[in-house]
2 protein chains.
Amino acid sequence: MNKNTRKDKIIAVAAKLFKEKGYSAITMRDIADKMEIKAASLYNHIQSKQEILDTIIIQIAEQFTAKMQTIVESKETTYQKLRHIIELHIDITIENADALAALNNDWMHLEGNLAYFIQMRDAYENNFRSILNTGIANGEIVARDPEIILFSLLSTLRTLYLWYTKKGGVDAKKLKEDMPETLLNGIIR
Amino acid sequence: MNKNTRKDKIIAVAAKLFKEKGYSAITMRDIADKMEIKAASLYNHIQSKQEILDTIIIQIAEQFTAKMQTIVESKETTYQKLRHIIELHIDITIENADALAALNNDWMHLEGNLAYFIQMRDAYENNFRSILNTGIANGEIVARDPEIILFSLLSTLRTLYLWYTKKGGVDAKKLKEDMPETLLNGIIR
DNA sequence: GTCTATATAGTGATAGAC
DNA sequence: GTCTATCACTATATAGAC
């Protein structure tokens, strides 16, 4: 996916800056400064600031969409499916935390791709919801309001990027063991 | 706290707009339009755009700080303390979801108050951590990595504002019953 | 691929009339 | 308390030389 072109470098640098202050607060000059070139030179590689944001967000959103489809269609138990969703979020967070920050915080600044993004996000949530509802129906999951369960899982998974980068050296393997325990089994003895 | 002055109205309108697109993307003209006045007129009530952000965020941060202090100093069980923290977040979310959005997403655009905010945020997290560690030490909480537990609780509580406004009619009472169950006891049967 | 120079359209904020 | 007019600055983006 990353071809190591000049364009990819610009997008990576931009994503990192967007994570720190948000899309709107970062200027083309900020991005250029970090690249050690002039702002005008950026336009030799990208068409607009907007294009940078689109590339960052849509790429990740499509990854989530594709993987979630595989999980939903599998014949596993609800518990196993939930574990796979948690691992999916951990994997993408480790691979591209900066892009996840943009997806979470700057999606509303999409323009041409806004409707496409919202459609993917809604479909993802609906797939997640249907997994939970199946689990409640077959007794694997406690019979509580599925919206509260969905929200509390999603909010933790979506903000993993905040926490993962903060403590640089978190072990992915340990995270994949402890996170499902904490989210699914609770913390009270 | 809200004296219903013109200034308070400006701050409330601004907070709502900041929630939708973030502090940096909202202009003084946007705020003025919603107030149905001209941008220049805003300056008769506030000193700067920055002052608006400061007022929104610091007010809420101080509320959290004060309430957390009370909870930490109480002689309750860990379980009861955690319930109180969850209720604190629910209460503030219900009362001022827009301000919470700014606190979560735009705190980095604070200037004079940035250090003060970070200090309050860190103190809050440390208090939360110490409650969890006490619970682990006395066996009330499972002996898992307290950082993962802290993160998963905090991330859900901090983003409650996203979800509460989306479904306008969520019952606070029901939320206060179901949320602690989901977060503390888990969802697997 | 990068530069300088520049066009065009905002931005936060002030001055002073009503 | 609001307005019009305006300032100084900054934004994204383009043109064309090297």
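Sequence lines set the chain letters: A, B, ... in the order given, protein chains first and strands last, and positions in each chain run from 1. The figures here come from the full heavy-atom set of this structure, side chains too, leaving out hydrogens, waters and symmetry mates.
- Within 4.0 Å of A:Leu42, counting heavy atoms only, lies no atom of the nucleic acid at all.
- Counting heavy atoms from C-beta outward, A:Asp145 and B:Lys174 have side chains that approach closer than 4.5 Å.
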**Request:** Take B:Tyr124 and B:His89 through the ring pair (Phe, Tyr, Trp, His ring centres under 6.0 Å) test and state the conclusion after the steps.
**Result:** CA-CA 12 Å; B:Tyr124 188 87; B:His89 280 263; 5.8 Å; yes
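- Put simply, CD on A:Glu111 is 13 Å from P on D:dT12, counting in whole angstrom units.
- Within the 4.0 Å cut-off from OP1 or OP2 of D:dA13, at least one side-chain nitrogen or oxygen of A:Tyr43 is found.
- A side-chain donor-acceptor contact under 3.5 Å links A:Ser48 to the backbone of A:Glu51.
- In this structure, B:Leu17 atom CG and C:dG12 atom C1' are separated by 16 Å, rounded to whole Å.
- The interatomic distance linking B:Leu53 (CG) with C:dG12 (P) rounds to 13 Å, in whole Å.
- A straight line from CZ of B:Arg29 to P of C:dA9 spans 15 Å, rounded to a whole angstrom.
- For the pair A:Lys49 and A:Tyr23, the distance from NZ or CZ to the six-membered ring centre is under 6.0 Å and the angle to the ring normal is within 45 degrees.
- Inter-residue side-chain proximity for A:Lys67 and A:His84 is flagged as unmet; no heavy-atom pair is nearer than 4.5 Å.
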All N/O contacts under 3.5 Å from nucleotides 1-5 of chain C to the protein, with atom names and distances to one decimal?
unit_1: C:dT2; atom_1: OP1; unit_2: A:Arg6; atom_2: NE; d: 3.0
unit_1: C:dT2; atom_1: OP1; unit_2: A:Arg6; atom_2: NH2; d: 2.7
unit_1: C:dT2; atom_1: OP2; unit_2: A:Arg6; atom_2: NE; d: 3.4
unit_1: C:dT2; atom_1: OP2; unit_2: A:His45; atom_2: NE2; d: 2.9
unit_1: C:dC3; atom_1: OP2; unit_2: A:Lys38; atom_2: N; d: 2.4
unit_1: C:dC3; atom_1: OP2; unit_2: A:Ser41; atom_2: OG; d: 3.0

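- In this entry the distance linking CD1 of A:Ile46 with P of D:dA13 reads 7 Å, nearest Å.
- By the 30° and 60° cut-offs, the orientation of the rings of A:Trp163 relative to B:Phe151 is parallel.
- Residue A:Ile26 is classed as a sugar-phosphate contact, given heavy-atom separations below 4.0 Å to backbone atoms only.
- Contact check for A:Leu82 versus B:Ile187: side-chain heavy atoms found under the 4.5 Å cut-off.
- Following rounding to the nearest Å, A:Ile31 (CD1) and D:dT10 (P) show an atom-to-atom distance of 18 Å.
- Atom NZ of B:Lys49 is separated from atom C1' of C:dT11 by 9 Å (rounded to the nearest Å).
- Across D:dA13, C:dA13, D:dT12, the shortest atom-to-atom separation from the side chain of A:Ser48 is found for D:dA13.
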